[in-house]
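Single-structure report; data block below.
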Amino acid sequence: MRRILVAAAVLAACNSPERAPAGAPAQANLPTHSPADISHGEAPIGTGATPAPIDAVAPPRATSRRHKIRLEMRHTRIVLTDGVPFDAWTFDGQVPGPVLRVTVGDTVDFTVVNKAPIPHSMDFHAAEISPSRVYINVNPNDSLQYQFVAHVAGAFMYHCGTAPVALHIASGMYGAIIVDPVRPRPAAREYVLVQSEFYTRSAGDKADSTAMAIDWQKLLSLAPDHVVFNGRAAQYATHPLPVKAHELVRIYLVNAGPNRASAFHVVGAIFERVFQDGRATPTFEGIQTAEVPVGGGAVFELRLAEPGNYPFVSHAFADATKGAVGILQAK
Ligand code: CU
Ligand code: CU
């Protein structure tokens with residue numbers, strides 16, 4: 001019996017395109033190819049010569065004290081990853097929605113217009129307000145206006161809250177709003193990352209057989225096909241984010257989910273400070289990995305010790321394999 005097993009294992013190893021290391025289980029489908037020759041090299045690393053599809057640079061600190069913000073809810077086909085089309089539900093036709101930035105004490109005068117064929121809504125985690133008054137469904141071709149004052153500094157999620165919320169979020173209806181403290185944080189190179197998941201199946205589109213749509217069963221089973229920063233798998237590995245060695249880097253991270261917590265980690269670095277949500281005093285100092293829950297945010301501050309490529313990942317590594325990986329490229 002043992003001899004038969006050994007023979008089967010040898011046969012499997014011979015049939016496998018890449019030989020499994022000694023002692024590894026003989027599974028023909030085990031991925032043994034490393035996309036990049038670097039620790040945590042979950043995706044091929046580009047040169048940074050071309051910009052990423054979605055800019056991760058944080059918008060500048062707000063100068064006005066009142067913000068008229070108008071967003072449109074639209075169903076549109078976006079490009080998911082590797083050029084794959086995906087039938088998304090969006091704010092302003094993009095996933096994530098636009099990054100908004102205000103300062104504590106500012107008034108947000110918000111209008112949402114529903115140009116989609118089904119009801120949607122808008123929930124700002126940065127607001128303290130009655131959901132039953134303003135986080136209500138907006139019917140197709142209708143609009144809703146409300147105001148709130150941002151009282152708490154931080155990196156906050158916004159999203160459609162129409163039930164089933166998991167479907168509306170996983171279809172693309174989320175984004176980040178940064179609320180700055182009145183006294184500015186120290187000058188830094190700033191990026192915004194929104195982590196989220198995509199659950200896909202064929203859209204059944206005869207004109208485009210590559211097009212994908214959301215898979216509700218995968219969503220309920222918590223089995224995403226892609227886990228991404230800013231809407232596309234590994235886009236900041238193929239288009240690294242430039243930084244300078246030793247400079248202060250600040251990353252605003254919002255985890256839209258809808259299901260996977262982010263275990264945010266930068267390889268080769270230790271966070272100087274992590275401000276959960278964005279509170280005034282650091283939640284952690286000198287920490288290797290900090291979890292950002294679904295529906296939460298955090299502000300990460302770090303410096304890179306020398307020039308090089310520093311992967312940032314969700315250290316929940318199935319998610320990094322599925323695209324939650326990028327590179328900070330220090331010059
Ligand atoms: Cu919605
Ligand atoms: Cu929420």
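Both ligands and their constituent atoms are indexed starting at 1 by order of listing.
Going from atom OG1 of T283 over to atom CZ of F271 covers 12.5 Å, rounded to the nearest 0.5 Å.
With the Cu ion (ligand 1) as the vertex, SD (M173) and SG (C160) define an angle of 110°, rounded to 10°.
Looking at residues two or more places apart in sequence or on another chain, you find no ring pair (Phe, Tyr, Trp, His ring centres under 6.0 Å) involving H67. With sequence neighbours excluded, the residues that form a side-chain hydrogen bond (donor to acceptor under 3.5 Å, both in side chains) with R70 are E72.
Taking the six-membered ring where the residue is Trp, the centroids of Y252 and Y191 are separated by 6.0 Å or more. Aromatic ring centres of Y158 and F91: separated by under 6.0 Å.
Just one residue in the list D225, L219, V95 forms a side-chain contact (heavy atoms from CB on, under 4.5 Å) with F198, and that residue is V95.
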Show me the donor-acceptor pairs within less than 3.5 Å that the side chains of residues 46-57 make with the rest of the protein, sequence neighbours left out.
unit_1: T47; atom_1: OG1; unit_2: A49; atom_2: N; d: 3.1
unit_1: T50; atom_1: OG1; unit_2: H239; atom_2: ND1; d: 3.1
unit_1: D55; atom_1: OD1; unit_2: V57; atom_2: N; d: 3.1

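Closer than 2.8 Å to the Cu ion (ligand 2) sit the protein N, O or S atoms H125 NE2, H159 NE2.
Restricting H168 to its N, O or S atoms, the one at the least distance from the Cu ion (ligand 1) is ND1. When you scan the N, O or S atoms of H120 for the one nearest the Cu ion (ligand 1), you land on ND1.
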